[in-house]
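Computed over heavy atoms, backbone and side chain alike; hydrogens, waters and symmetry mates excluded.
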Amino acid sequence: MVWYFGCPVVSMLTRRAHRAMYFRDRLPTTSALRATRGKPFGQPRGPLRRRHAKAPVTTTDITPDGAAAVAAGTTQPSDQLDFSSAAAIQAQDVSFADFGVREEIVRALADSGITHPFPIQAMTLPVALQGHDIIGQAKTGTGKTLGFGVPLLHRVVAPGEPGFDELPAPGKPQALVVAPTRELASQVARDLETASKHRSVRIVQIYGGRAYEPQIETLNTGVEVVVGTPGRMVDLLNQGHLNLTRAATVVLDEADEMLDLGFLPDVEKILSRTPAVRHTMLFSATMPGPVVSMARRYMSQPTHIRAAEPDDDGATVKNTRQVVYRAHALDKVEVLARILQAEGRERTIVFARTKRTAAKVSDELRTRGFAAGAIHGDLGQGAREQALRALRHGNIDVLVATDVAARGIDVTDVTHVINYQCPEDERTYLHRIGRTGRAGNKGTAITFVDWDDVPRWQMIDRTLDLGYPEPVETYSSSPHLFSDLGIPEGTKGRLPKGAQRLGGLDAEELEDLGETGKRTAGSGGRDGGHGRGQGRGGQGRGGQGRGGQSSGGRSGDTPRSGGSRPDGGSRSEEKPAAGEGSGEGQRRRRRRRRTRSGPGEGQQGGAATSAPQEA
């Protein structure tokens, strides 16, 4: 210690010694490192002084031209296969069966018309089937879900299969998939169910907006695969209903979003409940460097796989045609209505930046005759799933959504994606336009750029090298709008009656999910189950109060005006009947007593107050 001006100062050498002691206590012990030698993958490797402390990470960065490096280090399914590039894989007509995948999975995929893997799947399977950690990166719509789904299902042991009864805890989750949004979790669960339909694998979806009881009951019955969002998983972990001590395979889908600052605490808590030795896979279309660094904290020597089509080296999918217009905010709806009448347009997703804009655009399109639905955060889970089902079943052909639907939603035959408002950054842009041009199909991505958003768009264009730095100024009457997108001449901003053939949202049943945090008409919610269009309660602002079906009460079950007071007076005399007005009619008034009077005076005061209303 050195004294400087009468004050003790710790020297530089002392601080370095303290720092060395700090990190020494958090590194694996020598005995623990020796215990890892010669141990096969999947077996415990000795105690560590810290749960997540790992040996130095060495990653292998695989591109389409360098896939042979990993293939040479793993057991190839066949000596004749060449994994030197994505082009070589496609040229050899490689199928899922060539990788040694379970016969039941291969047959289930073949029943759905899936026989040959995409490049990301072909490069991932040899590594993942060996149990090595993976960071998978590929463009949207190129099959990342099956890239981790097939290895996950291959390692899971289902009831009735050999080895299930010998498991340490049969019925406990063996695999875990974490997704950032409810829609993506539901999509992943459906894909896994499709690939395992010839097996008895039990897959449960766990996400918010649904009742707890069915999910808890399913977990108690026994499951093999859990797919869900971080918030509901953490809730069930805290309640003791979700046990992840046997989850040997963990997948973080859309990893860049999962490991963002908002999700990181929940992800860390979930990973802390899984085994220390596990198979971890991260998949996403975008993977910034800082996010990769955070991901490596929870992985053991991960292999970074980046795959693309042989002749597609751009940031976006080559099958997606991109069009950018500079449009005025007051004319966007008119331009949108004309684009929706273009030749060859089928299912379309319109992306907005805010919930209010999404709801407003959806309502405006419906008034113009289009079969449109909306998905945004202000809607309950039942309404969101209703809109997605209506789009898949063909009852609507336009879905207006915020970015909640931009990640992982796979709807077939989406020919157009329209960015009604400019995306925030290049990552959001890639995920938005990735809803079209999927699985080899062609699509069109149209972006509206307002005058205030030109600098933001130029940044996106420069980052992705799109080649559209200056969008063309476009209005609903611009000739190039009709010629660029195949819009018939003379098209107006309203869909003709003869072209309105779809059933709309009303043709799709609204499922009762027992949504949490929301009230129905029977329970006397603020909206009374009728929506905002009918005032705060039933038939108007002053019609039936804030409740629902009762007269002037907050709750649809117990009217406030009924019953008697303890002092013998009746509350029904203190205010007029609430059902006499409609719309913006009479409102229930609140009265305060200025003096402590008896029941009689209170009733007289109430009658006197109500007299002007009846007049």
Side-chain angles (χ1 to χ4, degrees), residues 40-42 62 64 67-68 70-84 86 88-136 138 142-164 167 173-177 187-203 224-225 227 247-251 253 278-283 303 305 307 410 439-440:
F41 179 84
I62 301 180
V70 172
T74 58
T75 304
Q76 296 188 14
S78 177
D79 296 337
Q80 287 76 27
L81 295 181
D82 180 16
F83 295 94
S84 59
I89 294 175
Q90 293 182 343
Q92 296 173 98
D93 197 26
V94 179
S95 65
F96 284 99
D98 296 327
F99 294 93
V101 181
R102 284 176 177 264
E103 186 271 335
E104 299 91 341
I105 299 177
V106 175
R107 184 154 44 94
L109 294 176
D111 293 343
S112 301
I114 305 173
T115 56
H116 299 80
F118 286 104
I120 183 63
Q121 300 167 359
M123 294 180 177
T124 300
L125 287 175
V127 185
L129 292 176
Q130 296 296 321
H132 299 296
D133 290 358
I134 288 177
I135 299 176
T142 56
K144 294 189 297 293
T145 302
L146 290 182
F148 64 79
V150 171
L152 180 148
L153 294 174
H154 179 82
R155 297 166 64 92
V156 166
V157 181
E161 296 180 350
F164 179 79
L167 292 175
Q174 305 175 35
L176 174 69
V177 181
Q187 170 69 32
V188 171
R190 283 194 300 268
D191 291 343
L192 294 180
E193 290 171 356
T194 300
S196 60
K197 69 177 183 178
H198 293 305
R199 301 175 61 195
S200 56
V201 179
R202 295 168 294 183
I203 302 172
E224 280 69 56
V225 181
V227 184
T249 303
V250 177
V251 178
D253 197 10
R278 60 179 179 269
H279 181 206
T280 308
M281 295 183 284
L282 282 77
F283 280 79
T303 302
I305 299 178
D410 186 10

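Separation of atoms CG (L167) and CD (E161) is listed at 10.0 Å; rounding is to 0.5 Å. Atoms CZ and OG1, from F99 and T124 in turn, are 9.5 Å apart once rounded to the nearest 0.5 Å. Remark: L176 CG to L152 CG distance equals 9.0 Å, nearest 0.5 Å. Q187 contributes atom CD, which lies 10.0 Å from atom CG of D253 (distance to the nearest 0.5 angstrom).
Of the possible polar contacts, one joining the Q174 side chain to the V157 backbone as a donor-acceptor pair under 3.5 Å is found. Put simply, the side chain of D191 never gets that close to the backbone of V188: no donor and acceptor are under 3.5 Å apart. With H279 contributing its side chain and H132 its backbone, the two residues share a donor-acceptor pair below 3.5 Å. R199 places a side-chain N or O within donor-acceptor distance of the main-chain N or O of L153, the cut-off being under 3.5 Å.
Contact record, A108 with A195: CB-O, 3.4 Å, taken as the closest heavy-atom pair. The minimum heavy-atom distance linking Q121 with G143 is given by the pair NE2-O, 2.9 Å. Between A128 and M281, the shortest heavy-atom distance links the atoms CB-SD, 4.0 Å. I105 and H154 make their closest contact through CD1-N, 3.8 Å (heavy atoms, listed as atom of the first residue, atom of the second, distance).
In this structure, R102 has no side chain to side chain donor-acceptor pair (under 3.5 Å) partners at least two apart in sequence or on a different chain. Under the ring-ring contact (aromatic ring centres under 6.0 Å, His included) criterion, F283 pairs with F148, sequence neighbours left out.
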Original post:
Could you go step by step and tell me if F118 and L146 meet the side-chain contact (heavy atoms from CB on, under 4.5 Å) rule?
Top reply: CA-CA 9 Å; F118 286 104; L146 290 182; over 6 Å; no

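Residues P159 and E224 meet the side-chain proximity criterion, which asks for heavy atoms closer than 4.5 Å. Residues L109 and V150 are in side-chain contact: their nearest non-hydrogen atoms beyond the backbone lie under 4.5 Å apart.
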